[in-house]
Structures are given as C-alpha cells and as structure tokens.
A.B. asks: 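Just dropping this structure here.
Small disclaimer: the values here were computed from a predicted structure and weren't measured. Naming convention: chains lettered A, B, ... in sequence-line order (proteins, then strands); numbering from 1 in each chain.
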Amino acid sequence: MPFVDPAASTVAGAIVEPVLDWYDERARDLPWRAADRTPWGVLVSEVMLQQTPVVRVEPAWRAWLARWPRPVDLAAASPADVLRAWDRLGYPRRALRLQECARAIVERHGGEVPDDAEALRALPGVGEYTAAAVLAFAFGRRAVVLDTNVRRVLARSVGGEALPSPSQTRGEVARADAVAPHDPARAARWAVASMELGALVCTARSPRCDACPVAAACAWRATGCPPDAHAHRRRTQAWHGTDRQARGRIMALLREAMGPVPAAAVEAVCPDRERRERCLASLVADGLVVSHPASGPDEDPTYALPT
DNA sequence: AACGCGGGGCT
DNA sequence: AGCCCAGCGTT
C-alpha cells in the first residue's frame with residue numbers, strides 16, 4: 001500500500017490553481033504545444049526530450065516532422081537517414097527505437113498513435129513517463145506525468161525537500177496522483193504547467209523563488225529552504241576517455257560520411273585498439289553500425305550506418 | 001536497484 | 001570540473 005502524503009490533498013488547492021494561472025501567462029510557445037499539434041508530433045517530441053534539453057530539440061523536431069509527418073512516413077525511412085536526422089541529440093538508440101515505434105504503430109494501430117496507456121507502454125522507447133505525457137498532452141487525458149521537473153516541484157512545494165531522491169519512489173507517484181486534479185482537462189493542463197514551472201522557475205540549480213506563483217504555499221520555503229537531504233547524489237558519469245565519448249565520435253564520423261568508412265578512419269577518431277573494438281562491437285550489437293568484412297587480404301573492413 | 005547510454009551549456 | 005537535462009531498457 002503506497003504511502004499518500006496526507007498534506008498533499010490540502011496543499012493541492014493552494015498550489016494547483018496558481019500554477020495553472022501562471023502557465024496561462026508564461027508558457028513557452030513550443031511547436032509541439034501548438035493548436036495544430038498531432039499525437040505523433042507529441043510522441044516525437046517526448047522521445048527527443050528524453051534527456052535532451054528543449055533548446056536543442058526544437059529545431060530538430062521541426063525538421064523531423066516536416067520530413068516524416070506521420071508514423072507511416074518514418075516507418076518507410078532508411079535507418080541511416082533517421083540517424084543522420086537525429087544528428088547530435090544524443091543517445092542515438094532512441095532514434096532507432098522511435099522508428100521501431102513508428103513501425104509498431106503502423107502494424108498494430110493502423111498508423112495512428114494509440115490513446116490508451118497499455119498500448120502506448122508497449123511501444124518501443126515508450127516508458128512510464130512518455131506514455132503518461134502522450135496521454136495528457138496529445139489526448140487531454142488524466143495521467144500522472146512525473147518527470148524530473150515535476151518531481152522537483154512536488155518535492156519542494158509539497159514535500160519540503162530541496163531535491164527529490166535520486167530514484168523515483170512509489171510515494172512520489174502516489175503524491176503526484178493525489179495532487180493532480182480529478183477533471184481530465186485540468187489534470188492534463190496541470191501536467192504541462194507543473195513541468196513548465198520546474199523548467200523555468202523551480203529549477204534544479206538556482207530556483208527563481210521571487211518569480212514563483214506558489215512561493216507563499218511552498219513547504220520548502222516555509223522551512224527556510226533547507227539543503228539537499230540526500231547530500232551525495234549519484235556519482236557523476238565520466239565523459240572524457242570513456243566508451244560513450246568514443247561511441248559518439250564514431251557515430252559522428254559515420255553520420256558525416258556519404259558511404260562506408262574504412263577502418264583507418266575509425267582508428268583516427270578512436271586510436272585505442274581495445275576500446276575501438278569494444279565500441280564497434282557494441283554499436284553493431286545496438287544496430288547503430290553495420291560492418292563489412294575486408295574484401296581482400298590487403299583491404300580493410302568498412303563501417304557504415306545501417307541502411 | 002543499478003548501470004549504460006550523448007552531448008552541450010552553464011556555474 | 002561538475003552538474004543538469006520532458007528517460008528507457010537491461011541486468
């Protein structure tokens with residue numbers, strides 16, 4: 001039985017209404033929120049936004065939707081083109097999953113993004129968060145949309161903590177469910193509004209409490225903004241000299257190449273032989289790279305994006 | 001529950 | 001030099 005914060009229901013009224021009003025005035029004019037948005041456009045935006053900031057997603061999203069406006073369009077594309085269009089959004093496996101998702105939508109749902117949680121959740125690349133976001137943002141349904149922004153907003157305003165715990169808890173889900181309005185349209189609006197507040201005002205680094213519509217009702221403010229109780233967060237993932245950096249360099253090389261790339265070119269961007277072999281093997285296993293064996297004893301193998 | 005997975009910009 | 005970002009899939 002998940003623990004429901006008894007304060008949540010009483011605090012909800014003092015928080016939800018001001019945030020909805022604030023959103024009406026201050027919301028960013030993002031293309032996937034426009035009146036002419038489609039469920040597919042919303043789904044594409046959510047996948048792109050998985051760990052990639054809005055400012056980098058926006059231009060890529062516009063180009064992507066112009067090129068592949070419907071799931072059936074993306075389903076028919078070459079994976080190499082898909083990976084090139086993904087460009088430097090990061091985590092290119094997401095691009096392949098998005099195409100698999102488009103193909104699944106065509107095969108299972110007649111080319112239309114499904115509007116029920118179970119069907120969405122079964123799509124490649126769609127987890128708990130993305131399924132809820134599509135239900136709320138594309139279909140106006142009530143869903144518990146709990147991303148990093150909303151987690152932080154609720155941890156502070158309701159929980160009185162500086163930051164949420166490193167990993168999401170069942171208690172947070174119960175609390176978010178208790179705070180969300182009952183009416184579907186209002187719940188959907190609360191979802192996007194609370195997320196926007198976390199992105200623009202209730203930020204991780206230096207929150208702008210002077211501009212916050214719920215500062216007066218904020219439990220964290222009420223106790224003097226105590227520091228993060230979880231203190232040591234997760235260990236920061238290294239970057240320089242890692243496989244992730246090497247994989248990124250190899251993918252950048254292959255994206256920019258018109259055709260297959262000789263092994264020597266890969267060696268130039270990843271000189272360490274062991275790392276290079278390990279990364280190429282993992283990229284092939286992930287379906288991001290295909291290798292062609294040497295055509296002769298004096299030839300090198302070549303590498304390319306999957307066609 | 002913990003880990004691997006890109007990449008860039010900000011402090 | 002960290003830290004953060006509309007997370008997901010695998011182990």
Side-chain angles (χ1 to χ4, degrees), chain A residues 23 27-28 30-33 41-61 83 86-98 100-101 120-138 143-153 162-170 176 188 190-200 202-207 228 230-255 269 278-279 281-283 285-289:
Chain A
Y23 183 76
R28 286 171 293 181
L30 299 172
W32 47 86
R33 291 179 184 164
V42 172
L43 176 50
V44 170
S45 78
E46 292 305 331
V47 173
M48 287 184 170
L49 287 163
Q50 290 167 2
Q51 298 289 280
T52 303
V54 167
V55 286
R56 255 190 296 161
V57 164
E58 187 167 348
W61 183 92
L83 289 167
W86 195 257
D87 196 38
R88 299 188 160 193
L89 291 181
Y91 297 136
R93 294 188 297 189
R94 287 184 296 161
L96 293 185
R97 288 200 204 107
L98 183 54
E100 292 168 22
C101 179
L120 283 167
R121 194 65 182 73
L123 295 171
V126 177
E128 209 56 49
Y129 162 77
T130 301
V134 170
L135 284 176
F137 304 155
V144 177
V145 180
L146 203 53
D147 77 321
T148 186
N149 289 306
V150 180
R151 290 186 66 217
R152 188 173 54 249
V153 167
L163 293 171
S165 61
S167 50
Q168 183 177 303
T169 66
R170 304 184 75 84
W190 159 251
V192 68
S194 56
M195 191 175 301
E196 189 79 336
L197 187 72
L200 298 183
C202 194
T203 56
R205 203 62 72 84
S206 43
D228 183 13
H230 313 94
H232 47 58
R233 311 278 291 168
R234 71 184 58 111
R235 200 169 311 287
T236 172
Q237 289 176 319
W239 174 243
H240 293 284
T242 62
D243 285 5
R244 297 173 72 185
Q245 183 187 37
R247 283 169 54 108
R249 284 180 176 165
I250 294 169
M251 288 302 293
L253 174 70
L254 299 190
R255 276 198 309 270
V269 300
R278 186 171 61 243
C279 288
S282 71
L283 288 169
D286 287 342
L288 291 165
V289 171

A.B. asks: Between C1' on B/dG6 and CE on A/Met48, what's the gap in Å once rounded to a whole number?
C.D. replies: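 Distance, rounded to whole Å: 15 Å.
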A.B. asks: How is A/Leu98 classified with respect to the nucleic acid when contacts are heavy atoms under 4.0 Å: base, sugar-phosphate, or nothing?
C.D. replies: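 Answer is nothing: A/Leu98 stays at 4.0 Å or more from every strand.
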A.B. asks: Pull out every protein N or O sitting under 3.5 Å from an N or O of nucleotides 8-11 of chain B, one pair per line with the distance.
C.D. replies:
| from | atom 1 | to | atom 2 | distance (Å) |
| --- | --- | --- | --- | --- |
| B/dG8 | OP1 | A/Arg88 | NH1 | 2.6 |

A.B. asks: Go through the structure and list residues passing side chain to side chain contact (heavy atoms under 4.5 Å, CB included) with A/Ser282, not counting sequence neighbours.
C.D. replies: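 Applying side chain to side chain contact (heavy atoms under 4.5 Å, CB included) to A/Ser282 gives A/Arg247.
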A.B. asks: Can you work out whether A/Gly125 or A/Phe137 has the more 5'-proximal nearest nucleotide on DNA chain C?
C.D. replies: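 Closest to the 5' end, via its nearest nucleotide, is A/Phe137.
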A.B. asks: Give the rounded distance in Å between these two atoms: CZ of A/Arg247 and C1' of B/dC3.
C.D. replies: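 My rounded result for the distance is 14 Å.
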A.B. asks: Sticking with atom P, work out how far C/dT10 lies from B/dG6, rounded to a whole angstrom.
C.D. replies: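 That atom pair is separated by 15 Å.
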A.B. asks: With heavy atoms under 4.0 Å as the rule, sort A/Ala133 into base, sugar-phosphate or nothing.
C.D. replies: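 Counting heavy atoms under 4.0 Å across all strands, no contact is made by A/Ala133.
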A.B. asks: Could you give the CG-to-P distance, from A/Leu288 to B/dC5, as a whole number of Å?
C.D. replies: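 Atom CG in A/Leu288 sits about 11 Å away from atom P in B/dC5.
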A.B. asks: When the distance from CG of A/Leu83 to P of B/dC5 is rounded to whole Å, what number comes out?
C.D. replies: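 For the pair A/Leu83 CG and B/dC5 P, the rounded distance is 17 Å.
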A.B. asks: Quick one, A/Arg88 and A/Arg56 - any side-chain contact, counting heavy atoms below 4.5 Å?
C.D. replies: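 Result no, sub-4.5 Å side-chain heavy-atom pair not found.
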A.B. asks: Nearest to the side chain of A/Leu49, which nucleotide is it out of B/dC5, C/dA6, C/dC5?
C.D. replies: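 For the A/Leu49 side chain, the nearest candidate turns out to be C/dA6.
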A.B. asks: Please list, chain by chain and in numerical order, all residues satisfying side-chain hydrogen bond (donor to acceptor under 3.5 Å, both in side chains) with A/Arg244, sequence neighbours excluded.
C.D. replies: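 Here the qualifying residues are A/Tyr91, A/Gln237.
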A.B. asks: Treating A/Thr52 as the side-chain partner and A/Leu89 as the backbone partner, does any N or O pair qualify as donor plus acceptor under 3.5 Å?
C.D. replies: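 Present.
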A.B. asks: Looking only at side-chain N and O atoms, does A/Arg94 come under 4.0 Å of OP1 or OP2 in B/dC5?
C.D. replies: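 So the side-chain polar atoms of A/Arg94 never come under 4.0 Å of the phosphate oxygens OP1 or OP2 of B/dC5.
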A.B. asks: Using a cut-off of 4.0 Å on non-hydrogen atoms, how would the nucleic acid contact of A/Val192 be classed: base, sugar-phosphate, or nothing?
C.D. replies: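 Nothing: the residue A/Val192, judged by heavy atoms under 4.0 Å, touches no strand.
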A.B. asks: Output yes when at least one side-chain N/O atom of A/Thr130 is less than 4.0 Å from OP1 or OP2 of C/dG7, else no.
C.D. replies: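 For A/Thr130, the contact criterion (side-chain N or O under 4.0 Å from OP1 or OP2 of C/dG7) is not met.
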A.B. asks: Just how far is it from atom CG of A/Leu123 to atom CD of A/Glu100, taken to the nearest 0.5 Å?
C.D. replies: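 Those atoms lie 11.0 Å apart.
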A.B. asks: With a non-hydrogen cut-off below 4.0 angstrom, is A/Arg152 in contact with a base, only sugar-phosphate, or nothing?
C.D. replies: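 Sugar-phosphate: the residue A/Arg152, judged by heavy atoms under 4.0 Å, touches backbone atoms but no base.
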A.B. asks: Between atom CH2 in A/Trp86 and atom C1' in B/dG6, what is the gap in whole Å?
C.D. replies: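 Taking atom C1' of B/dG6 as the reference, CH2 of A/Trp86 is at 11 Å.
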A.B. asks: Measuring from the side chain of A/Asn149 (C-beta onward, heavy atoms only), which nucleotide among C/dA6, B/dC5, C/dG9 has the closest atom?
C.D. replies: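 Taking heavy atoms from C-beta onward, the closest nucleotide is C/dA6.
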A.B. asks: Applying salt bridge (charged side-chain N to carboxylate O under 4.0 Å, His left out), which residue pairs with at least one partner in residues 120-135 of chain A are found, sequence neighbours left out?
C.D. replies: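 Those involving residues 120-135 of chain A are A/Arg121-A/Glu128.
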A.B. asks: Of all residues at least two apart in sequence or in a different chain, which pass the salt bridge (Lys or Arg N to Asp or Glu O under 4.0 Å) check with A/Arg33?
C.D. replies: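 Once residues adjacent in sequence are excluded, the partners of A/Arg33 under the salt bridge (Lys or Arg N to Asp or Glu O under 4.0 Å) criterion are A/Glu196.
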A.B. asks: Among the candidates C/dC5, C/dC8, C/dG9, find the nucleotide nearest to the side-chain atoms of A/Arg121.
C.D. replies: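 The nucleotide sitting nearest to the side chain is C/dG9.
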A.B. asks: What integer distance in Å separates A/Gln245:CD from B/dG4:C1'?
C.D. replies: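 Atom-to-atom, A/Gln245 to B/dG4, this comes out as 15 Å.
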A.B. asks: Which part of the nucleic acid does A/Thr52 contact within heavy-atom distance under 4.0 Å: base, sugar-phosphate only, or nothing?
C.D. replies: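 Result for A/Thr52 = base.
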A.B. asks: Which one, C/dA6, B/dG6, C/dG9, comes nearest to the side chain of A/Arg33?
C.D. replies: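 Of the candidates, C/dA6 comes closest.
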A.B. asks: Taking the nucleotide of DNA chain B with the nearest heavy atom to each, does A/Arg255 or A/Gln168 sit closer to the 5' end?
C.D. replies: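 Its nearest nucleotide being more 5', the pick is A/Gln168.
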A.B. asks: Return a table of donor-acceptor pairs under 3.5 angstrom between the side chains of residues 42-51 of chain A and protein atoms on other chains or two or more places apart.
C.D. replies:
| from | atom 1 | to | atom 2 | distance (Å) |
| --- | --- | --- | --- | --- |
| A/Ser45 | OG | A/Val42 | O | 2.7 |
| A/Glu46 | OE1 | A/Tyr129 | OH | 2.7 |
| A/Gln50 | NE2 | A/Gly125 | O | 3.2 |
| A/Gln50 | NE2 | A/Thr130 | OG1 | 2.9 |

A.B. asks: Measure CD/A/Glu128 against C1'/C/dA6 and give the value in whole Å, please.
C.D. replies: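 Between C1' of C/dA6 and CD of A/Glu128: 15 Å.
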A.B. asks: For the side chain of A/Trp32, counting heavy atoms from C-beta on, which of C/dA6, C/dG7, C/dC4 is nearest?
C.D. replies: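 Shortest atom-to-atom distance from the side chain points to C/dA6.
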A.B. asks: Output yes when at least one side-chain N/O atom of A/Gln51 is less than 4.0 Å from OP1 or OP2 of C/dG7, else no.
C.D. replies: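 Checking C/dG7 against A/Gln51, a side-chain N or O does come within under 4.0 Å of OP1 or OP2.
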A.B. asks: To the nearest angstrom, how far is A/Arg244 atom CZ from C/dC8 atom P?
C.D. replies: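 One finds 16 Å between P of C/dC8 and CZ of A/Arg244, rounded.
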A.B. asks: Mind checking the CG-CG spacing from A/Leu288 to A/Leu96? Nearest 0.5 Å is all I need.
C.D. replies: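 The distance works out to 5.0 Å.
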A.B. asks: Please give the distance between the P atoms of B/dC3 and C/dA6 as a whole number of Å.
C.D. replies: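 B/dC3 and C/dA6 have their P atoms separated by 23 Å.
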